[in-house]
Protein chains: 2
Amino acid sequence: MNKLPEKTIGRLSEYRRTLLICLAKGKTHIFSHELANLHHITAVQVRRDIMLIGYSTTLKKGYDVKALIDVIAQIIDTDEGLNAAVIGAGNLGRAIITYFNGKRTKLRIAASFDVDTEKANRVIAGVKCYPMTDLNKIVKELNIRIGIITVPPEDAVSVAENLVNSGIKGILNYTSTPLSVPQNVYLEEYDMITSLEKVAYFVKQKK
Amino acid sequence: MNKLPEKTIGRLSEYRRTLLICLAKGKTHIFSHELANLHHITAVQVRRDIMLIGYSTTLKKGYDVKALIDVIAQIIDTDEGLNAAVIGAGNLGRAIITYFNGKRTKLRIAASFDVDTEKANRVIAGVKCYPMTDLNKIVKELNIRIGIITVPPEDAVSVAENLVNSGIKGILNYTSTPLSVPQNVYLEEYDMITSLEKVAYFVKQKK
DNA sequence: TATTTAATGTGAAAATATTAACAATGTTCA
DNA sequence: TGAACATTGTTAATATTTTCACATTAAATA
Ligand SMILES: NC(=O)c1ccc[n+]([C@@H]2O[C@H](COP(=O)([O-])OP(=O)(O)OC[C@H]3O[C@@H](n4cnc5c(N)ncnc54)[C@H](O)[C@@H]3O)[C@@H](O)[C@H]2O)c1
Ligand SMILES: NC(=O)c1ccc[n+]([C@@H]2O[C@H](COP(=O)([O-])OP(=O)(O)OC[C@H]3O[C@@H](n4cnc5c(N)ncnc54)[C@H](O)[C@@H]3O)[C@@H](O)[C@H]2O)c1
């Protein structure tokens, strides 16, 4: 199970989201083609992904929802769980904290940080916001491993440096500023404009 | 130029973002390896993408930033431009509107919609917010082609239906509810949790 | 000017990712 | 029960994406 394709990881996360919804609805089993339809991919793709993670069922009533969730958790989660922090408690930062809160048991947004003294030392969207000057201290105290950057674009580079120096191992960058980090830090970047432009391109093609 | 790989489209959008920053800084030419480094990919990849869109330069001083921006615009943009609307003017909706405003000339967030009567008929983040009951009328009036869904997850399905019925051709779904749309509508979905879980997985691997 | 250097463009190879095809086998129901 | 059916797991084929390797040529330099 050592070398899963990056794409598969992304899909596993998506499957789990769907499976958790099924679980909440009391659905105990799900067919590969059901999962496939919900994710707009083929059933073979789903079966292959599931094969890769080593889960299988002898049943012909589909996969056991609960069991599959557990196997995916084995892949993605760590036993102790991981703590993340949001840097920049503005509109987007708050939306992310609110959204995320309580969604996963092994992944927590444990703190936020902001330079704005109005925000620092308050609880924002249910999570304590610390002043940026406390970054190193709090990252160590709360064992924060992942930083989510939602500061203005011009501050992204310096914030990323601070995060790396504080010992963080993964960064999720939502600003439009491209970042660079050392080899031993994993970086993921997302820009809504790219998503929207993809939609625009395909809308144009369909016309 | 009819069949560009989907991946290339995403990268072209990203290149343009970087090129616009270069332009603003007064940088007139850029090497393939510079673009590559900024985007954490190889220079060959950049050259191949640029080859695919039919741009080339005889110069050995890199690509002409302005010219390349124009070629990418030819691919992604339409002459008249496209209008989008945000459905659900909450935290995320507002963050998106604020972020997007004025970033692109051919892609505009022309309206937002909300059921909350407090929000409807006000200007939120610089864009007028309409009541949901006006959806059909305004979509036609303002020629809105793309809908960005940022309502609570339980409302996503019905909102998507309304959007499709109103004649929209592309949907960008930010809720955690998987949607289904007719063939002639392009759907893009994004869930932050998946991004964060990818980071978590790779942080775990590196340990 | 002649030589060296460094950049692009691209065919071919390699690597990744997806899909087709089908054997194996529970499940359904006549 | 047993034939028909449906679903999984997986190998092989296909398709897509990325990278290699290098010919070509502008630019820099001696
Ligand atoms: N990727 C996307 O899809 C997307 C979408 C929307 C917004 N954005 C980007 O996300 C970022 C945040 O957007 P927003 O609308 O929340 O902005 P905002 O202005 O509401 O919030 C930014 C916050 O960062 C704080 N801040 C400023 N400098 C800081 C620093 N050096 N260290 C710590 N905190 C600092 C501010 O006090 C503020 O609270 C922006 O860069 C925006 O462009 C990205
Ligand atoms: N994909 C992601 O990365 C991501 C991140 C954060 C939040 N989210 C999701 O985005 C959505 C919005 O999050 P938020 O924090 O902005 O929530 P929010 O509660 O602040 O905003 C939701 C808005 O939608 C409005 N609304 C409710 N029902 C509606 C309907 N039927 N039609 C039109 N408008 C309606 C509400 O009045 C409110 O203004 C949620 O589904 C949330 O889970 C996704």
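First the proteins, then the strands, lettered A, B, ... as listed; each starts at 1. What you are looking at is a predicted structure, and each value in this text was computed from that prediction instead of being measured.
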Colleague: Decide if atom NZ of K106(A) counts as having more than 12 heavy atoms of other residues, nucleotides or ligands within a radius under 6.0 Å.
Modeller: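 Yes, the 6.0 Å shell around NZ holds more than 12 heavy atoms from other groups.
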
Colleague: Of all heavy-atom pairs between R108(A) and T105(A), which one has the smallest distance, and what is that distance?
Modeller: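 In this case the closest contact between R108(A) and T105(A) is NH1-O, 3.4 Å.
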
Colleague: On DNA chain D, which is the earliest and which the latest nucleotide, 5' to 3', with an atom closer than 4.0 Å to a heavy atom of chain A?
Modeller: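 So the contact region on DNA chain D extends dT7(D) to dA12(D).
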
Colleague: Looking at R11(B), is its backbone amide N or carbonyl O close enough to the side chain of D49(B) to form a donor-acceptor pair, meaning the two atoms are under 3.5 Å apart?
Modeller: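 No.
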
Colleague: Would you say CG of D79(A) has more than 12 non-hydrogen atoms from neighbouring residues, nucleotides or ligands within 6.0 angstrom?
Modeller: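 It does not: D79(A) CG has 12 such atoms or fewer within range.
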
Colleague: What's the shortest heavy-atom distance between A156(A) and T177(A), and which atoms?
Modeller: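 The pair with the smallest heavy-atom distance is CB-CB, 3.9 Å.
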
Colleague: Per the end-axis method with five pairs at each terminus, what is the bend angle of the helix from dT1(C)-dA30(D) to dA30(C)-dT1(D), to 10°?
Modeller: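 Inter-axis angle at the ends, rounded: 10°.
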
Colleague: When you measure from the side chain of H40(A) to the backbone of L179(B), do you find a donor-acceptor pair of N or O atoms at a distance under 3.5 Å?
Modeller: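 Yes, because the side chain of H40(A) sits within donor-acceptor range (under 3.5 Å) of the backbone of L179(B).
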
Colleague: What is the distance, to the nearest angstrom, from the CD1 atom on I41(A) to the C1' atom on dT18(C)?
Modeller: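 Going from CD1 in I41(A) over to C1' in dT18(C) covers 10 Å.
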
Colleague: Using a 4.0 Å heavy-atom cut-off, write out nucleotides 1-16 of chain C from 5' to 3' as B (base contacted by protein), S (sugar-phosphate only) or - (no contact).
Modeller: ------BBBBBB----

Colleague: Taking salt bridge (Lys or Arg N to Asp or Glu O under 4.0 Å) as the test, write out the residues that go with R17(B), two or more places apart.
Modeller: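 R17(B) satisfies salt bridge (Lys or Arg N to Asp or Glu O under 4.0 Å) with D191(A) once adjacent residues are dropped.
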
Colleague: Classify the ring geometry of F113(A) against Y130(A): parallel below 30°, tilted from 30° to 60°, perpendicular beyond 60°.
Modeller: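 The arrangement is tilted - the two ring planes meet at 30° to 60°.
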
Colleague: List the residues meeting side chain to side chain contact (heavy atoms under 4.5 Å, CB included) with S13(B), not counting sequence neighbours, and say none if there are none.
Modeller: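 S13(B) satisfies side chain to side chain contact (heavy atoms under 4.5 Å, CB included) with T194(A), E197(A), I76(B) only.
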
Colleague: What residues form a salt bridge (Lys or Arg N to Asp or Glu O under 4.0 Å) with K103(A), not counting sequence neighbours?
Modeller: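 With sequence neighbours excluded, K103(A) shows a salt bridge (Lys or Arg N to Asp or Glu O under 4.0 Å) to no residue whatsoever.
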
